[in-house]
Amino acid sequence: MKNHVWRPLSVALALVAAILLFRYFYVPKDFGSGKYGFMYSYHRQADEEQWKNMPVRYQNTGGQQMHESCRECHAEEVAGRTKELHGIIACEDCHGPARNHPDDPETLPVDRGRDLCLRCHTSLSYITSDRKRIPGIDAKEHNPGSECVECHNPHNPRLEDMQR
Amino acid sequence: MNRRDFLKGTIVVIAGAAVPLSSLEFFDPCEVLAVNPGIHWAFLVDTYKCVGCGFCVKACKLENDVPLEAKVTRTWVERYVYTRDGHQYVDSPDGALQGFPEPRIDMGLGEFKEIEPDNVGKAFFVPKLCNHCDTPPCTQVCPVGATYKNDEGVVLVDRSWCIGCGYCIMACPYGARYFHPVYKVADKCTLCYHRITKGLPPACVEACPFGARKICNIQDSNDPVTRLILSERVGILKEEFGTRPQAFYIGLTAEVR
């Protein structure tokens, strides 16, 4: 073949070689596929470890476990909770993620806003949903402007136990 | 037959006879798996139990560093309202981060639809999240190999490798992916991989007061939630896309997609 073929071809080949060389050093060595094959799982294996090492913030106070972890210091609040009413709500749902409480943060926020209660207690006439079991109010008519916790005890919401 | 052939034949017969019969027995893969279950995470949503409080959305955002005020979320709750005069409405204001504090339907663009309580026929809530599909279209389209399904069945995004092109966000038929406003990469539900690998439930599962959200190892037939999936009448979303979702739903209707 003539020179005018070889010269541009050598440039092209050199370019390909350079790209492959760059790729060889740039792509991490642990790139590979897993059980799901090249199409679905070609990835950098070390990334799985990185996701595993993300910090845990919610400290598993769901279900009845909050009784064990929170009772030590907050015995009064935990004892007042009724299993069939607000006892099903994890402490951290309202007070936020515990992280390393009581070391860091030392105190968890106490949200006294109406919004928190209205998540469940807005009156919605949905009889085909479990929402029907929850007593609801119309936020515009039920003592607007005042905090729910002024009258209701969020840890023990039973109306019979309410102290005015 | 000469002496060489005779010795060769003898060696072959003795070697063959030395293989104990028991090693030729066929294994039943079901039996082997039942003794040593692998891990394949699956999710179960019971829409009958959901009341739309949105604690799952709040917990997910706080656990996973998703800015609360940003209009993106890894999990969200949809409200379906069917009226007696034949209309259907679906909304999810802010992904139900604050739950559904108003009876009116958020139609988008600042428009709201008031629905008379007497006019509500059927209404329910459906929590949604990444389905962690077995054949995920989002990982197929990634041009750089930054998103993948790992051996435990969780679809993850490699934040240091993602270039933020957004192909996967477009490819997901469920809208489960979004562009993370802080890290500037594609982001999605990880099933709280940092929690489930430590034996903790995902943040949304823990936060749900009503037990509407559950997680299980679907290869472990002794797992109570796996048994629920195997025995209840569960459905999946957008089956026709062939994505083989691993999030199962109890109580779907045709309109839930």
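Chain A is the first sequence line, chain B the second, and so forth, proteins listed ahead of strands; every chain is numbered from 1.
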Using heavy-atom distances under 4.5 Å, tell me whether [X] contacts chain A through its side chain, its backbone, both, or neither.
X      : answer
B:V144 : backbone
B:C50  : backbone
B:R104 : neither
B:F55  : both
B:P136 : both
B:T47  : neither

Which atoms of [X] come close to chain B, meaning under 4.5 Å heavy atom to heavy atom: side chain ones, backbone ones, both, or neither?
X      : value
A:S123 : backbone
A:F31  : side chain
A:S129 : both

Using a 4.5 angstrom heavy-atom cutoff, name the option from [options] with the most pairs to chain A.
options                        : answer
B:I115, B:T190, B:V154         : B:T190
B:A203, B:G54, B:A59           : B:A59
B:G99, B:G145, B:C138          : B:G145
B:V205, B:T147, B:L200, B:N150 : B:N150
B:K122, B:K49, B:Q140          : B:Q140

Flag side-chain contact, heavy atom, 4.5 Å: [X] against [Y]:
X      : Y      : result
A:R44  : B:Y148 : no
A:E92  : B:E206 : yes
B:H194 : A:W51  : no
B:E102 : A:T122 : no
B:D158 : A:H43  : no

Over 12 non-hydrogen atoms of neighbours within 6.0 angstrom of [atom1] in [X]:
X      : atom1 : result
B:E116 : CD    : no
B:Y183 : OH    : yes
A:K29  : NZ    : yes
B:K113 : NZ    : no

Residue pair [X] / [Y]: nearest heavy atoms and the distance that separates them:
X      : Y      : result
B:V157 : A:D47  : O-OD2, 3.5 Å
B:P103 : A:Y126 : O-OH, 3.9 Å
A:R119 : B:C53  : NH1-O, 2.8 Å
B:K198 : A:M54  : NZ-O, 4.0 Å
B:D134 : A:Y36  : OD1-OH, 3.7 Å

>> So, using side-chain contact (heavy atoms from CB on, under 4.5 Å) as the criterion, who are the partners of B:M170 when residues are at least two apart?
In response: none
> Mind checking what makes side chain to side chain donor-acceptor pair (under 3.5 Å) contact with A:R112, not counting sequence neighbours?
Replying inline: A:E147
Just verifying a value: how many Å separate [X] [atom1] and [Y] [atom2], rounded to the nearest 0.5 Å?
X      : Y      : atom1 : atom2 : value
A:L118 : B:F100 : CG    : CZ    : 14.0 Å
A:T128 : B:Y48  : OG1   : OH    : 9.5 Å
B:C142 : A:Y42  : SG    : OH    : 11.0 Å
A:Q50  : B:L156 : CD    : CG    : 11.0 Å
A:R57  : B:L62  : CZ    : CG    : 8.5 Å
A:M39  : B:T139 : CE    : OG1   : 9.0 Å

> Would you say B:D151's side chain and A:K35's backbone share a donor-acceptor pair under 3.5 angstrom?
Replying inline: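 Indeed, once roles are kept as given, a pair shorter than 3.5 Å links the two residues.
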> Any sub-3.5 Å donor-acceptor pair from B:K58's side-chain atoms to A:D93's backbone N or O?
Replying inline: yes
> Quick one: do the A:Y58 and B:R195 side chains pair a donor with an acceptor below 3.5 Å?
Replying inline: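 Judged by distance alone, the side chains do not pair up.
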>> Tell me which of these, A:D138, A:L124, A:N53, has more heavy-atom pairs under 4.5 Å with chain B than the rest.
In response: A:L124
